[in-house]
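We number each residue from 1, following the sequence as shown. Heavy atoms only: backbone and side chains are in, while hydrogens, waters and symmetry mates are out.
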Amino acid sequence: MTDSSPLPPSDVFFGPNGLDRSRIEGIVGDALKGADDGELYLQHNESESFVFDDGRLKAATFDSSLGFGLRSVAGELTGYAHATELSEAAIRRAAETVSAVRAGHSGVFAAAPRTTNRHLYTDKSPLGGAAFDAKIKLLEDINAYARARDPRVRQVSCSLLGSFDDIEIVRPDGHVVRDRRPLVRLNVSVVAGEGDRQETGSHGAGGRTGYAAYLDPATWQAHVDEALRQALINLQSVPAPAGEMPVVLGSGWPGILLHEAIGHGLEGDFNRKKTSAFAGLLGQRVASPGVTVVDDGTLENRRGSLSVDDEGTPTSSTVLIEDGILKGYIQDRQNARLMGMAPTGNGRRQSFSHSILPRMTNTYMMAGASPREEIIASVTRGLYAVSFGGGQVDITSGKFVFSCTEAYLIEDGKIGAPVKGATLIGNGPDALTKVKMIGNDLALDPGIGTCGKNGQGVPVGVGQPTLRIDGLTVGGTAA
């Protein structure tokens with residue numbers, strides 16, 4: 001056995017009360033004989049959530065799951081079997097199932113991922129890091145603080161979520177990788193009203209840490225203040241204009257547009273299958289000069305970061321677009337091998353019951369040289385989009401539609417009235433070529449992103465500096 005993890009073995013999976021390691025390694029080895037790649041993925045997850053709404057605690061839940069997924073890769077085919085029964089018999093049944101994928105296939109099993117002692121976050125569970133009463137009191141204090149801040153507050157909703165994953169990856173060559181992953185998120189939503197009109201503002205934060213930072217009044221009060229500010233700004237909003245115009249995107253969370261409209265199109269599976277608008281364009285200009293986009297899973301304590309991905313590959317900082325030139329794709333092991341490229345540590349799965357997909361970690365655009373004020377001053381008439389809600393993207397064409405949750409008119413180089421009902425409509429690859437100014441104020445989101453793909457959700461991070469993009473279509477409600 002080659003143990004590449006700095007973490008000691010977990011007594012959840014193996015040992016006196018668990019599986020016999022040598023027997024399980026033998027089963028995995030037999031199941032994947034003749035395959036190109038694969039692994040046994042063991043996971044123990046604990047999670048809890050607290051939801052406070054309408055002046056009272058509405059939900060307090062705790063869940064625990066234990067299971068495995070066994071994967072066999074043969075060429076472009078993948079066999080996958082999973083179960084919540086963690087026993088030798090269940091793993092043998094899974095082995096019989098996945099072995100069918102390599103029928104008639106004689107592969108050379110891929111070398112194990114490189115090893116690392118890097119660990120990007122604590123290996124302690126956040127769930128026991130604070131008393132139950134302290135978590136409830138936090139939500140009660142948020143509710144009371146928000147209502148005391150302004151008489152126009154009509155409703156406060158907040159939630160606290162925590163989870164901890166203990167995983168072990170076992171390969172048929174005896175290579176073992178372990179990781180223990182905390183994740184915490186705090187959400188605050190405030191509804192403010194005047195007369196018959198009501199508007200909402202929301203804010204939150206999260207990361208791979210414990211609860212301590214979120215129990216600090218200086219932290220949670222700042223999130224409440226921001227949610228309230230958004231709600232009060234939206235109370236003053238006027239109908240958004242419609243038409244093609246320059247759009248200035250704020251720094252930080254607006255990087256979600258970059259993630260959705262461009263990031264997914266740079267994932268290896270879409271490019272290998274040539275269903276992405278970026279397929280076949282390596283080495284070619286795909287964006288304006290100055291545009292550099294990175295996917296970086298190595299940032300400490302960030303929501304999208306991983307010490308190793310779900311195949312055991314250490315995450316990396318991958319330059320996808322450099323100064324407007326397409327340099328690389330986001331890769332798991334299977335798609336990287338089929339494309340003749342190196343894996344980038346982006347093989348991810350939602351849980352043991354899901355197979356691997358190439359997925360983003362923390363994806364952001366690097367800073368440029370322009371001050372934010374200079375970018376706004378350069379626009380005669382346009383839109384300043386500070387925050388986004390939901391959106392839709394077509395990976396093949398790159399077309400997107402995003403709704404703005406906080407946006408303003410720009411008139412004669414100055415920020416004007418807040419607007420309501422604005423949507424941004426465009427094409428991701430085309431929008432990259434219309435970036436005219438890049439700010440010097442790169443910021444990452446506060447730690448709230450969840451990415452969906454093929455029915456799987458994983459935590460991610462996004463970010464960008466202030467950007468000016470010309471020629472985007474704004475859908476609005478102004479007459």
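- Within a 6.0 Å radius of NZ in Lys399, no more than 12 heavy atoms belonging to other residues, nucleotides or ligands are found.
- Taking CD of Gln350 as the start and CG of Asp310 as the end, the distance is 11.0 Å to the nearest 0.5 Å.
- Applying the side chain to side chain contact (heavy atoms under 4.5 Å, CB included) test between Asp179 and each of Asp165, Leu120, Ile167 identifies Ile167 as the sole match.
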Test side chain to side chain donor-acceptor pair (under 3.5 Å) on Asn234 and Thr200 and set out the steps.
CA-CA 7 Å; Asn234 287 332; Thr200 301; over 6 Å; no
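- Taking the charged nitrogens against the carboxylate oxygens, Arg229 and Glu406 do have a contact shorter than 4.0 Å, which makes a salt bridge.
- Using modelled atom types, one finds no donor on one side chain facing an acceptor on the other under 3.5 Å when comparing Asp295 with Thr318.
- More than 12 heavy atoms of other shown residues, nucleotides or ligands fall within 6.0 angstrom of atom CD in Glu85.
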* Kindly indicate, with the supporting measurements, whether the criterion salt bridge (charged side-chain N to carboxylate O under 4.0 Å, His left out) is fulfilled by Arg171 and Glu39. => CA-CA 5 Å; Arg171 290 172 52 82; Glu39 72 286 310; 5.3 Å; no
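- For the residue pair Asn362/Arg302, the side-chain donor-acceptor check at 3.5 Å is not satisfied.
- Taking CD1 of Ile469 as the start and CG of Leu257 as the end, the distance is 6.5 Å to the nearest 0.5 Å.
- Not counting sequence neighbours, the partners of His223 by the ring pair (Phe, Tyr, Trp, His ring centres under 6.0 Å) test are His203.
- With values rounded to the nearest 0.5 angstrom, Arg181 atom CZ is found 5.0 Å from Tyr121 atom OH.
- One finds the CG atom of Asp166 at 9.5 Å from the CZ atom of Arg178 (value rounded to the nearest 0.5 Å).
- Heavy atoms from other residues, nucleotides or ligands lying under 6.0 Å from CE of Met339 number more than 12.
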